[in-house]
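For reference, the structure is listed below as structure tokens.
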Amino acid sequence: MEYNFKEIEQKWQSYWKENQTYKVDVDPSKPKYYVLDMFPYPSGAGLHVGHPLGYIASDIYSRYKRLKGFNVLHPMGFDAYGLPAEQYAIQTGQHPAITTEKNIARYREQLDKIGFSFDWDREVRTCDPQYYKWTQWAFIQMFNHWFNKKTQKAEPISQLIATFEKEGNLQVEAACSDTPVFTAEEWKSKTEKEQQSLLLNYRIAYLADTMVNWCPQLGTVLANDEVKDGLSVRGGFPVVQKNMRQWSLRVSAYAQRLLDGLDSLEWSDSLKDIQRNWIGRSQGADVTFEVKDSKVQLRIFTTRPDTIYGVSFMVLAPESDYVRELTTPEQAKAVAEYLDYVAKRTERERQSEVKTVTGVFTGSYAINPFTQEAIPVWISEYVLAGYGTGAIMAVPAHDSRDYAFARKFNLPIIPVIDNGQPIDLSESSYDAKEGKMINSGLINGMEVKEAIAFIATEVEKRGIGKSKINYRLRDAIFSRQRYWGEPFPVYYKEEMPYMMDESKLPLELPEIDKYLPTETGEPPLGRALNWKTEEGYPIELNTMPGFAGSSAYYLRYMDPHNDRALVSPEADHYWRNVDLYLGGAEHATGHLIYSRFWNMFLYDLGVVCEPEPFKKLINQGMIQGRSNFVYRIVGTNTFVSAGLKDRYETTEIHVDVNIVRNDQLDTEAFKKWMPDFANAEFILEDGKYICGWAIEKMSKSMFNVVNPDDIIHEFGADTLRLYEMFLGPLEAHKPWDTQGIDGVYKFLRKFWRLFQQEETFSISEEAPSREELKILHKTLKKIEYDIENFSFNTSIPAFMICTNELTSLKCNKRVILEPLVIAIAPYAPHIAEELWHQLGHDSSVTMANFPQWEEKYLSEDAFEYPVSFNGKVRFKLNMPLTATSAEIEAAVKAAPEAAKWLEGKEIRKMIIVPKKIVNVVI
RNA sequence: GCCCAGGUGGCGGAAUUGGUAGACGCGCUGGACUCAAAAUCCAGUGUCCUCAACAGACGUGCGGGUUCGAUUCCCGCCCUGGGUACCA
């Protein structure tokens, strides 16, 4: 019987479905293991061959863990809210829910064909009201909590109010927006509206006027991670800064915990680094400068207090409040002109023209607290309003940006560090934190590091500043002016936001007639009829961003049908957190930060029992496309083969990779491919048309998309699974090239044939030979090692070698083959299931135990093992590694076992390799 | 600029972490089977020494170093990919 993958795969996929083979439940008798894939956004294009790479790897690991006796949670769902469905709705009027539903069905169909062991009973969809109920619920909790810096955790806002009523806010150390100090009496005398307004400064989910990334083309604001190089990540539209009243999440409060938590995680170093940089902790000091002839105190942040004697000017961010306070009447006009210039520049221009130095003098002078010198205060866009205090002390000798500014505006450059030889400041500043202080009064002669510490304490002693840690991480802007997202469970009374009662959740997304903003510029929800509470209060018109629904989905999988809690304590305490998480590295500064934040918040509330959501994380690489090209001679419909193209003037044209095989074009198929090419002519080489090729992103426009359905149709799902793993290391980016798939397919047929004799299934009950046992155990050891280390790519050669060796031994013994069927089951579950049943088992191979390899079958006795290979003979010999060749030669010759191998032969060369093995070339 | 990862045959990639570099697969060449093709099987395939065998030399981006021994460790460069970017 030939290996009929179609029949086998269909048969077992429906068997698994009918028997609910992969359904899991809490089972305290077994250890748990939670394997999670980043759930996909179901796009209209369907899956290409690159998408399932991570799913296949996680499926292999899940199946392996199951065979090792773990109770494995391996769920899948859909990140269903997103812009493409909404854009499509705007164009066609079709409700995004319909598009989304259709795309999910298509994804599901494609996924099912690959034979994954997902427990689909636990599927979640972020747009399902029963799911987003808990997204809204979490938001309400964030609104009702504040972050206490003393305890470093979230605490109920009701306790904060009690404190305000008792003693005001002087003693409160909160992660909060700028808030004036007030007493208990002052608090009590405030109106409800005033109190609510103040509380917003403390809440973890808060409404505030903030500078946001506004994307006019998308008609919405975006979070920092959704903007790259001044353009929106989705769509690539320009983004401008705009002050708007928006919801934000106080992610920055958790900056230190997000940073510290990384140490406990098994993530790649590069991913941890990305997060560390994004959080951007920097230790320094706030220092206050008096201003000459003014009551204003200019507070700045610096990480280099040691250079305070080198300050020759101060710089304010254009958006800083100090600008208004410090601009003198004489300079008012110049400053106004400059602010106008800055306002007109887009974020992109500001970023791309970093080298252009601009600025204006305010007219004011600050007093250096250490030298009492008056130093001019300038304004420049190189200082950012959102970081530190929005103002800096400039030390041009030791900061390259200050240096450029000083050069441009002819400001003094005072060196205060000497690194042994005189430093050269004619071309650039000296930024290194190394050397001895000079020109620096109190700290002359100190090492830089000493000086930093000294000035920091000195500043505190004098009461003009204090040590401070700044983080680059900003709060996450949480409003989107969009329709297709979770509605906020928020209504407004006297312009102040209030949360809906939890019993009213979910607040379902209303129907609207058009998916565009209203005529008055309100978000699409402004079109919803009766969008108000029973009492008649208006409901929030913004919706939540994409990361809202993906922040806690891993928790929902633990207990997906619970309508009383996000996750029950029982389910949470059993499944705890994700043991292995697989997904792309592009989520490093988005989802993976938000999710950790969200989880930490719920941890503070006692809702979840683990502070970190994802213990181990692997970033699978991207599968790139391999594009093919044809070369059209300019002005003709004649195409010249790649090898001859240099003789003509040609245009390179992408050609569909599906009509090219081994870079050879199917010219007939090409003529049919597009009407333009119907009467194409070809200049061939050696009778063939050879295409050019390049590695590019897999995309429709480059005609290099390979669909997994086509591969499965031709070779089967098991071959696809094996080949995707065989392609290269999981974490590497690698091009897809269908050419090589034959080798893997051949292997599966060979493996199948081990169980076949004269066209029928045939297995022998004979006892195995030592050699066969060795082949088996060698393979098992390798497979186990590979899976544990996620090097699935090297397992496949091990299976191939094993199969070849057993084939040449004509081995069809049960004791050898049965363990191999189990070992291959994680990789190729369909063929394994079929063979497992043919071997006489009634239950699924999933229920089997992974066979344990044993060292005793692998050991080689000394001298039992002269195997000849590549003209060499290998001996095992007790010799120190440092032995000379003469000593080894003598030892080899002296050993009686060696005699029969060396008889009459001359020893040409000997190489000692480890494990006391000597290679002898004869 | 700064941080991280990587550079191995015609191609994808191995090398169990300092021990026979190039496993395995693709491609290519030759052969067997076949009327033929497909499929299958066998052999060869890093480079150079004008062909082959024997032998040899050179070979893991480049230049040094440590070591009996380096793709692996150290120092200095070059290139590719990713992250980040006036973050004071």
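Keep in mind that the numbers below use all heavy atoms, side chains included, and drop hydrogens, waters and symmetry copies. First the proteins, then the strands, lettered A, B, ... as listed; each starts at 1.
- Between the side chains of T358(A) and Y338(A), a donor-acceptor pair is found at a separation under 3.5 Å.
- Base pairing of rA21(B) is not made with any nucleotide, judged by Watson-Crick or G-U wobble geometry with both donor-acceptor distances under 3.5 Å.
- Using a 4.0 Å cut-off, no side-chain N or O of Y382(A) falls inside it from OP1 or OP2 of rA88(B).
- Relative orientation of the H591(A) and H587(A) rings is perpendicular, given thresholds of 30° and 60° on the angle between their planes.
- Pair check for rU80(B) finds rA5(B); Watson-Crick or G-U wobble, both atom distances under 3.5 Å.
- Distances were taken from every side-chain heavy atom of T302(A) (C-beta onward) to each of rA88(B), rC24(B), rA15(B); the shortest belongs to rA88(B).
- Counting non-hydrogen atoms under 4.0 angstrom, R276(A) reaches nothing in the nucleic acid.
- Checked against rU40(B), rA85(B), rA14(B), the side chain of R749(A) finds its nearest nucleotide in rU40(B).
- Under 4.0 angstrom from either OP1 or OP2 of rA14(B) there lies at least one side-chain N or O belonging to N793(A).
- Here the two rings, on Y723(A) and W736(A), have centers that are under 6.0 Å apart.
- Nucleotides rG22(B) and rU29(B) are separated by 25 Å at their P atoms, to the nearest Å.
- Between rC73(B) and rG25(B), the distance separating the two P atoms is 29 Å to the nearest Å.
- When both distances must be under 3.5 Å, the Watson-Crick or G-U wobble mate of rC86(B) does not exist.
- In this structure, E381(A) places its CD atom 9 Å from C1' of rC86(B), rounding to the nearest Å.
- For rC86(B), the OP1/OP2 oxygens have no side-chain nitrogen or oxygen of S400(A) closer than 4.0 Å.
- Using modelled atom types and a 3.5 Å distance limit, the side chains of Y64(A) and E788(A) yield a donor-acceptor pair.
- Across every strand in view, rG30(B) sits in a pair with rC42(B) that passes the Watson-Crick or G-U test at under 3.5 angstrom.
- Checking rC86(B), rA14(B), rU40(B) against the side-chain heavy atoms of P729(A) singles out rA14(B) as nearest.
- Taking only side-chain atoms of D273(A), from C-beta outward, the nucleotide of rC4(B), rA15(B), rG25(B) with the closest atom is rC4(B).
- T794(A) and D786(A) form a side-chain donor-acceptor contact under 3.5 Å, judged by distance and modelled atom types alone.
- Heavy atoms of Y785(A) sit under 4.0 angstrom from primed sugar atoms or phosphate atoms, though from no base atom.
- Between the C1' atom of rA5(B) and the CD1 atom of I618(A) lies a distance of 16 Å, rounded to the nearest Å.
- Here rU84(B) is the nucleotide among rC86(B), rG25(B), rU84(B) with the atom lying nearest to any side-chain atom of T589(A).
- For K750(A), a side-chain nitrogen or oxygen approaches OP1 or OP2 of rC41(B) to under 4.0 Å.
- Between G280(A) and Y723(A), the residue anchored closer to the 5' end of RNA chain B is Y723(A), taking for each the nucleotide with the nearest heavy atom.
- Across the protein-nucleic acid pair, K746(A) atom NZ and rA39(B) atom C1' stand 10 Å apart, rounded to whole Å.
- Aromatic ring centres of F405(A) and Y382(A) lie closer together than 6.0 Å.
- Using Watson-Crick or G-U wobble geometry with both donor-acceptor distances under 3.5 Å, rA37(B) finds no partner in any strand shown.
- Whole-Å rounding puts the M393(A) CE to rC86(B) P distance at 21 Å.
- Against the 90° criterion about 0, the sugar-base torsion of rU17(B) places it in the syn range.
- Between R626(A) and the phosphate of rC11(B), there is no side-chain N or O to OP1/OP2 separation shorter than 4.0 Å.
- Against the 90° criterion about 0, the sugar-base torsion of rG65(B) places it in the anti range.
- R472(A) has a side-chain polar atom (N or O) that falls below the 4.0 Å cut-off from OP1 or OP2 of rA85(B).
- Looking at heavy-atom distances under 4.0 Å, I801(A) makes contact with sugar-phosphate atoms alone, never a base.
- Residues D225(A) and T589(A) have side chains that never bring a donor and an acceptor to within less than 3.5 angstrom of each other.
- Atom C1' of rU16(B) sits at a distance of 36 Å from the matching atom of rC2(B), rounded to the whole Å.
- When the nearest nucleotides of RNA chain B are assigned to A732(A) and Q739(A) by heavy-atom distance, the more 5′-ward of the two goes with A732(A).
- Base pairing annotation: rG69(B) forms no Watson-Crick or G-U wobble pair, as no partner gives both donor-acceptor distances under 3.5 Å.
- rA88(B) atom C1' lies 16 Å from atom CD1 of I469(A), rounded to whole Å.
- The listed nucleotides are rG25(B), rA88(B), rU40(B); the one nearest the side chain of L384(A) is rA88(B).
- Taking atom P on both nucleotides, rU71(B) is separated from rC4(B) by 25 Å, rounded to a whole Å.
- Residue I274(A) is in sugar-phosphate contact alone, with no base atom involved, counting any heavy-atom pair closer than 4.0 Å across all strands shown.
- No engagement by V395(A) is indicated, since no non-hydrogen atom pair under 4.0 Å with the nucleic acid exists.
- Using P as the reference atom, rG59(B) and rA43(B) are 32 Å apart when rounded to the nearest Å.
- Taking every side-chain heavy atom of K228(A) into account, rG83(B) is the closest of rA39(B), rG25(B), rG83(B).
- A 3.5 Å limit on both hydrogen-bonding distances identifies rC75(B) as the Watson-Crick or G-U partner of rG63(B).
- In this entry the distance linking CG of L722(A) with P of rG13(B) reads 17 Å, nearest Å.
- In this structure, K734(A) does not reach the rC11(B) phosphate: none of its side-chain N or O atoms is under 4.0 Å from OP1 or OP2.
- For the pair N224(A) CG and rU84(B) C1', the interatomic distance rounds to 13 Å; values are reported in whole Å.
- Here the P atom of nucleotide rA5(B) and the NZ atom of K272(A) are 13 Å apart, to the nearest Å.
- When ring centroids are compared, Y827(A) and F799(A) come within the 6.0 Å threshold.
- The residue D737(A) sits apart from the nucleic acid: no heavy atom pair falls under 4.0 Å.
- At a threshold of 4.0 angstrom between heavy atoms, the contacts of E731(A) with the nucleic acid are absent.
- Checking rA23(B), rA88(B), rC3(B) against the side-chain heavy atoms of P797(A) singles out rA23(B) as nearest.
- No more than 12 heavy atoms of other residues, nucleotides or ligands shown are found within 6.0 angstrom of NZ on K466(A).
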